[in-house]
Amino acid sequence: MLFFENICPQGIGEPSVYHAVVVIFLEFFAWGLLTTPMLTVLHQTFPQHTFLMNGLIHGVKGLLSFLSAPLIGALSDVWGRKSFLLLTVFFTCAPIPLMKISPWWYFAVISMSGVFAVTFSVIFAYVADITQEHERSTAYGLVSATFAASLVTSPAIGAYLSEAYGDTLVVILATAIALLDICFILVAVPESLPEKMRPASWGAPISWEQADPFASLRKVGQDSTVLLICITVFLSYLPEAGQYSSFFLYLKQVIRFSSETVAAFIAVVGILSILAQTVVLGILMRSIGNKNTILLGLGFQILQLAWYGFGSQPWMMWAAGAVAAMSSITFPAISAIVSRNADPDQQGVVQGMITGIRGLCNGLGPALYGFVFYLFHVELTDTDGSEKGAKPNMANPTDESAIIPGPPFLFGACSVLLSLLVALFIPEHTGPGMRPGTYKKHNNGAQSHSHSPQGSGAEGKEPLLEDSSPRLFEEPES
């Protein structure tokens, strides 16, 4: 990584959460602009079995993300976060200009970009480097809320520009914003990982065990708390990944939303999600604790998916969208409980493990949703007409689709119900031997865990998570 260290300036100011927020906002704002054009290009490229092909494309991308996330997380623990922020953002945004150049190459590069599409893993590790324990859930909530904020206006702007000036302008604008994000990382983002935590030589070895995604899954069993958290993440994020890959298509196809209505829906749910992940999340974490916040978020997700599954009227989608915004508190709460108990030099590995689980879901979820849509004969018949305001129709409607408009969402609700049952067994604190004095601050203000030699030698396997402090978020957010 000497090459990146030589070309990357030190950045502007001290590392802060706001640097991470800007990186996330610009990346997903660029992709949000393409919401409407991508639906059109997707149907034009794959006129038959559009839902199924959509699921397969995102499925390949997600599986590649699952395979690469542990390696990127481990490398960022050794070589620093900035270089890998640059890599992940560059390759995640690389497909954007190809949309108008060659749609086939566009979808092919989207699939292959999954190798580096793990920006959130590096961002969460970056945030963990620079925040103290009691601040971390609020910081993660702010990052997740920024993701929602990036989608508040960008789909509406993209839909308007596409209607008024054509898709080419939208693609050019999205490409320019992606380049701005890359330049921001190069020029403005400072390195967050303290020098003393990085090896003296840039060529420090990375073992195959750290890079093997299945080894990271096998590590899950070494700590019962990590096992429960990972199962919870898998069962809850599997339907969320499938929903994210196909829901906008579903709104246009089955619920008959226009492009403008879809953009408005995204904006409203995005605003509500911002409020949920900033104001509501902070209040819940301090009042009911980490575990109960996770349980509450999962409960909202079950209600949301069931409503999507049985809902057949537009007002039902709007109501379920409000519930979906509240369910967005789950993952920041999970990230906080994991990060709070991980060693400072293992933040990238642990966050990479969780991101790897999500990457696996990003592979399986879209494919599962696409396959279920295919089984229930939900296909696109008139997307081009819907772009002009006409109402698309369902191809070969069946009795099942009339009774259950969204079968995959009901499968998702059952999966999240299982996730909720598993999460009930996550301990509020990871063990009886609490060590309240095990934290110390880095020079950069991050709070870390010091190893205690007592008691560790008696165990054959070192737990991934340290024992947590008995007091959660005792200081108010600053």
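Positions are given from 1 along the sequence.
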Nearest 0.5 angstrom please: [X] [atom1] to [Y] [atom2], how far?
{"X": "Thr35", "Y": "Ile157", "atom1": "OG1", "atom2": "CD1", "value": "11.0 Å"}
{"X": "Leu161", "Y": "Ser154", "atom1": "CG", "atom2": "OG", "value": "11.0 Å"}
{"X": "Cys93", "Y": "Leu180", "atom1": "SG", "atom2": "CG", "value": "11.0 Å"}
{"X": "Leu421", "Y": "Leu295", "atom1": "CG", "atom2": "CG", "value": "10.0 Å"}
{"X": "Leu26", "Y": "Cys183", "atom1": "CG", "atom2": "SG", "value": "10.5 Å"}
{"X": "Thr146", "Y": "Ile274", "atom1": "OG1", "atom2": "CD1", "value": "7.5 Å"}

Any heavy-atom pair between the side chains of [Y] and [X] that's under 4.5 Å?
{"X": "Phe120", "Y": "Ile24", "value": "yes"}
{"X": "Glu191", "Y": "Pro15", "value": "no"}
{"X": "Met317", "Y": "Phe257", "value": "yes"}
{"X": "Val189", "Y": "Tyr126", "value": "yes"}
{"X": "Ile96", "Y": "Trp31", "value": "yes"}
{"X": "Ser113", "Y": "Lys61", "value": "yes"}
{"X": "Phe234", "Y": "Leu364", "value": "yes"}
{"X": "Leu281", "Y": "Thr138", "value": "no"}

(message) Please identify which of these residues, Phe29, Phe28, Phe124, meets the ring-ring contact (aromatic ring centres under 6.0 Å, His included) condition with Phe147.
(response)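 Testing each of Phe29, Phe28, Phe124 against Phe147, the sole residue satisfying ring-ring contact (aromatic ring centres under 6.0 Å, His included) is Phe28.
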(message) Please identify which of these residues, Phe84, Phe90, Phe91, meets the ring-ring contact (aromatic ring centres under 6.0 Å, His included) condition with Phe116.
(response)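 That would be Phe91.
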For the student: nearest non-hydrogen atoms of [X] and [Y], plus distance:
{"X": "Thr92", "Y": "Ala117", "answer": "OG1-CA, 3.5 Å"}
{"X": "Phe425", "Y": "Leu228", "answer": "O-CD1, 3.1 Å"}
{"X": "Val89", "Y": "Asp181", "answer": "CG1-OD2, 3.4 Å"}
{"X": "Ile130", "Y": "Ser192", "answer": "CG2-CB, 3.8 Å"}
{"X": "Ser111", "Y": "Leu64", "answer": "O-CD1, 3.2 Å"}
{"X": "Ala333", "Y": "Thr293", "answer": "CB-CG2, 4.0 Å"}

Return yes if some donor-acceptor pair links the side-chain N/O of [X] with the main-chain N/O of [Y] below 3.5 Å, else return no.
{"X": "Lys291", "Y": "Leu424", "value": "yes"}
{"X": "Glu135", "Y": "Gln132", "value": "yes"}
{"X": "Ser144", "Y": "Gly141", "value": "no"}
{"X": "Tyr369", "Y": "Pro239", "value": "yes"}
{"X": "Asn290", "Y": "Ile334", "value": "no"}
{"X": "Gln277", "Y": "Ile329", "value": "no"}
{"X": "Arg81", "Y": "Val122", "value": "no"}

(request) Please check if any side-chain donor atom of Ser236 sits under 3.5 Å from a side-chain acceptor atom of Gln301, or the reverse. (result)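 Distance-only check fails for Ser236 and Gln301.
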(request) Give the intermediate values and the outcome of side-chain contact (heavy atoms from CB on, under 4.5 Å) for residues Val416 and Leu305. (result) CA-CA 9 Å; Val416 180; Leu305 288 169; 3.7 Å; yes
(request) Only counting residues at least two apart or in another chain, list the ones meeting side-chain hydrogen bond (donor to acceptor under 3.5 Å, both in side chains) with Ser327. (result)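 Partners of Ser327 by the side-chain hydrogen bond (donor to acceptor under 3.5 Å, both in side chains) criterion, ordered by chain and then number, come out as Gln304.
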(message) Once side-chain hydrogen bond (donor to acceptor under 3.5 Å, both in side chains) is applied, do any residues pair with Ser16, and if so which ones, sequence neighbours excluded?
(response)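 Only His19 meet the side-chain hydrogen bond (donor to acceptor under 3.5 Å, both in side chains) criterion with Ser16.
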(message) Check for me whether the distance between the ring centres of Tyr140 and Phe331 falls short of 6.0 Å.
(response)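 Ring-ring flag for Tyr140/Phe331: false, centres at least 6.0 Å apart.
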(request) Assess the pair Phe265 and Phe247: is the distance between their ring centroids shorter than 6.0 Å? (result)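 Aromatic pair counts; centres sit under 6.0 Å.
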(request) For the pair Thr232 and Leu298, evaluate side-chain contact (heavy atoms from CB on, under 4.5 Å) and give the outcome as yes or no after the intermediate values. (result) CA-CA 9 Å; Thr232 299; Leu298 293 174; 4.0 Å; yes
(request) Flag yes if more than 12 heavy atoms outside Phe371 fall under 6.0 Å of its CZ atom; otherwise flag no. (result)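 No, CZ of Phe371 has 12 or fewer neighbouring heavy atoms, counting only those of other groups under 6.0 Å.
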